[in-house]
Each structure stands twice: as C-alpha cells, then as structure tokens.
Amino acid sequence: MYVDLIWLLNWLFDCLLLYWTSVLMKIRPKLHKLILGGLVGSIIIILSFSSFYAVANNVLIKVLFSAAMIWIVFGYTRMSTYMKTLMLFYFVTFLSGGILLGVHFLFQSEISLNSNLFYGLKTYGDPISWLFVIIGFPIGWHFSKRNFQNIEMTNISFDQLVKVRVKIKDFEIECKGLVDSGNQLYEPFTRTPVMVLSVNNIIHFPEDIKKVVVNKETWLETGEIIESQWSDRMRIVPYKVVGHDQEMLLAFRPDYVIITTENKQITVKKVLVSITLQQLSADHHYEALIHPQMLTAIPNSNAS
C-alpha cells in the first residue's frame with residue numbers, strides 16, 4: 001500500500017472540502033489556513049495506519065478533528081455560526097462521498113462481498129478508484145455547485161434596488177440597478193451572465209461607444225467593423241425575444257462590477273455589460289438591470 005500517496009490525496013481533498021465549504025459560506029479564508037486545516041484533517045489517515053488505529057476510528061475523535069479544521073480555517077465568532085459552518089462542512093463531505101460511491105458503484109465491474117463490497121476500497125491502490133476520485137469528484141461537484149447556485153438564486157429577493165459601480169477601462173460610473181428575475185441572459189459559450197446598462201442620460205459616456213451602439217444593426221448586417229476604444233472588450237450575445245427571430249446583443253467585458261446592497265458588497269468580474277440607449281425606468285428609479293446570478297458571488301471581506 002502506498003500510504004504516503006493515500007495521505008497526500010486525503011490532504012488535498014480535505015483542503016478542497018474546506019474550500020467548497022467557504023464558497024457556500026461566502027467567506028474567503030486565507031490559503032495557508034486552508035492548507036493547515038487540510039493537514040490537520042489528514043492526520044487521521046496517518047493514525048489509521050499506526051498503532052493508534054482504534055483512536056482514529058472513534059467517532060468522537062473524528063468529530064473533534066473536524067471541529068479543529070473548522071476552527072483553524074474559519075475561526076470562531078459565535079457558537080451558532082461555528083456550528084452552522086461545521087454542519088455545512090459535513091454536508092459537503094457526505095455529498096461528495098455520495099457522488100463518488102454512486103459513480104463507483106455504477107461503473108464498477110468487479111464487486112466482491114468478501115472484500116468490503118468494493119474492490120477499490122480493499123487495496124487502496126486500484127487505478128479505477130483513483131481515477132474516479134481525481135476526475136469524478138471535481139466533475140460531480142461542478143454540477144452540484146451549479147444546483148446550489150440555482151437554489152440560491154430562487155431565494156434572492158428580486159424586487160430590490162442596489163447600487164452598481166461599473167468600470168470599463170478609463171470609464172467608471174455609479175448608478176442604481178434593479179435585480180431582475182426575468183433577466184436570464186447568458187453568453188452561450190462561457191455561461192457568463194449579462195447585465196443591461198442604460199446610458200441614455202449619462203453625459204460623460206464615450207461618444208465612440210454611443211456610435212457603436214446606435215449603428216449596431218448596420219454593423220451586424222454589413223460586417224463593417226466600427227473601431228472604438230473598447231473594441232477589444234466587445235462581445236456579441238445572441239438572444240431570443242417572444243415573437244421575433246434570434247437577435248444579437250452588443251456587450252462589453254468590464255474590469256469589474258461592484259454591487260452594494262443593504263448588508264453586503266459584491267465584486268463581480270465574470271459578467272458582460274450590455275449598453276443600451278433606451279430608458280429602462282420611466283421614473284428614473286434605476287439605470288441598470290442586474291442578472292440575479294451576480295448576487296451569488298462571494299461578498300467583499302470589508303463589507304459591513
């Protein structure tokens with residue numbers, strides 16, 4: 001048995017489990033704390049191959065190790081938050097383990113009742129088992145994370161106004177935005193969410209960009225490229241409107257978009273900003289339509 005490899009693999013995935021817990025908690029822990037927390041969790045593997053294996057198999061000891069990992073990575077503020085983080089860590093662990101066992105059981109060709117059911121678990125070195133751990137775990141988690149985001153998006157209060165700051169190269173603007181539950185527009189290849197920004201009443205907006213927006217249809221029909229200072233940031237996003245054929249939307253990749261709500265501030269970099277000259281609100285209550293997925297990003301650590 002390659003004990004050192006087994007220990008290294010468990011250290012790595014303990015770090016990953018702690019990281020994914022931080023993603024769901026919307027917390028950015030320091031990298032050295034994640035590494036140290038994963039190292040503490042992997043000590044159980046070393047104990048399992050030593051004369052202290054009985055201690056390592058004790059449920060209370062395992063819980064204490066988990067509690068220590070959470071304390072190292074996330075610290076302690078109050079008991080309710082600490083227990084919530086610990087329970088979420090266990091949820092992520094059980095979910096990940098269930099994904100691995102389910103996929104392994106589905107594709108395993110050799111099952112032996114005399115070898116703890118799974119051949120791979122008997123030897124600790126079955127290449128098929130390692131392949132499922134290394135490849136299957138991240139893939140399974142990717143789809144689970146997508147589901148978490150979808151659930152979180154449905155729980156967002158959509159009818160709210162937020163403060164939005166958009167920066168594209170030298171241009172920066174701050175305005176009000178409406179979190180729009182009907183905005184489900186994504187760039188199809190990268191699944192990047194698209195927000196809409198109205199520049200109808202913005203005096204200092206670059207004139208060459210306004211020209212591009214005004215002449216968008218002509219540009220798309222003729223293929224004539226209209227040079228502007230944001231040409232390298234330009235993207236074309238296809239979308240459909242009821243009663244019309246597929247349309248094309250002109251969008252730009254910003255440096256960042258900062259969203260400020262009542263209790264948090266979020267910096268979003270994976271987003272496209274569609275520029276329109278139309279007035280979005282008749283009473284000028286807002287100048288932007290915010291994609292709901294943008295509010296699922298991790299809040300800034302300095303937010304109140």
Side-chain angles (χ1 to χ4, degrees), residues 6-47 56 60-100 133-153 155-156 165 192-193 255-271 292-304:
I6 297 172
W7 167 75
L8 182 61
L9 187 66
N10 277 271
W11 183 7
L12 171 64
F13 279 97
D14 280 341
C15 292
L16 287 176
L17 290 171
L18 288 167
Y19 169 72
W20 286 324
T21 301
S22 73
V23 171
L24 295 181
M25 287 293 296
K26 300 292 187 298
I27 298 174
R28 283 194 180 98
K30 295 185 181 300
L31 179 60
H32 72 272
K33 290 186 177 182
L34 280 175
I35 295 174
L36 181 58
L39 178 61
V40 170
S42 67
I43 293 176
I44 284 208
I45 298 300
I46 299 176
L47 295 177
L60 179 60
I61 296 299
K62 293 179 179 179
V63 172
L64 290 177
F65 268 91
S66 301
M69 293 166 66
I70 297 300
W71 179 77
I72 290 171
V73 177
F74 301 99
Y76 179 88
T77 53
R78 56 178 180 269
M79 181 57 68
S80 59
T81 303
Y82 181 79
M83 292 304 298
K84 176 183 177 182
T85 308
L86 181 61
M87 293 300 102
L88 189 59
F89 173 71
Y90 275 117
F91 173 73
V92 170
T93 302
F94 294 149
L95 175 64
S96 304
I99 291 172
L100 285 177
V133 171
I134 295 173
I135 299 178
F137 195 0
I139 292 176
W141 179 257
H142 170 72
F143 288 105
S144 298
K145 185 173 179 290
R146 289 277 298 275
N147 289 333
F148 281 133
Q149 288 181 339
N150 291 338
I151 293 172
E152 186 175 8
M153 285 169 58
N155 292 328
I156 293 175
R165 185 158 75 241
T192 301
D255 294 286
Y256 58 76
V257 174
I258 298 179
I259 301 172
T260 304
T261 65
E262 292 181 355
N263 53 12
K264 63 182 178 180
Q265 187 181 80
I266 303 169
T267 298
V268 187
K269 293 187 177 180
K270 186 181 179 182
V271 63
Q293 185 176 321
M294 296 171 64
L295 270 70
T296 66
I298 299 176
N300 299 341
S301 57
N302 61 348
S304 58

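Here, residue 1 is the first one in the sequence, and each next residue gets the next number.
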What are the two closest heavy atoms between Asp255 and Lys269, and how far apart are they? O-CG, 3.8 Å

Distance (rounded to the nearest 0.5 Å) between [X] [atom1] and [Y] [atom2]:
X	Y	atom1	atom2	result
Thr81	Ile70	OG1	CD1	12.5 Å
Leu16	Leu34	CG	CG	9.5 Å
Thr267	Ile258	OG1	CD1	4.5 Å

What residues form a side-chain contact (heavy atoms from CB on, under 4.5 Å) with [X], not counting sequence neighbours?
X	result
Val257	Val164, Val166, Met195, Pro254, Ile259, Val271, Val273, Met294
Thr93	Leu17, Phe89
Leu47	Ile43, Ser50, Phe52, Ala56, Phe65
Thr192	Glu187, Thr190, Lys270, Leu272

Who pairs with Thr85 by side-chain hydrogen bond (donor to acceptor under 3.5 Å, both in side chains), at least two apart in sequence or on another chain?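 Counting only residues at least two positions away or on another chain, Thr85 forms no side-chain hydrogen bond (donor to acceptor under 3.5 Å, both in side chains).
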
With sequence neighbours left out, write down each residue that passes side-chain hydrogen bond (donor to acceptor under 3.5 Å, both in side chains) with Tyr90, or none if nothing qualifies.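 side-chain hydrogen bond (donor to acceptor under 3.5 Å, both in side chains) check on Tyr90 returns Ser66.
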
CA sep, side-chain torsions, deciding dist, call: Lys264, Thr261, side-chain contact (heavy atoms from CB on, under 4.5 Å): CA-CA 5 Å; Lys264 63 182 178 180; Thr261 65; 3.2 Å; yes

All ring-ring contact (aromatic ring centres under 6.0 Å, His included) counterparts of Tyr256, not counting sequence neighbours: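 For Tyr256 there are no ring-ring contact (aromatic ring centres under 6.0 Å, His included) partners, ignoring immediate neighbours.
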
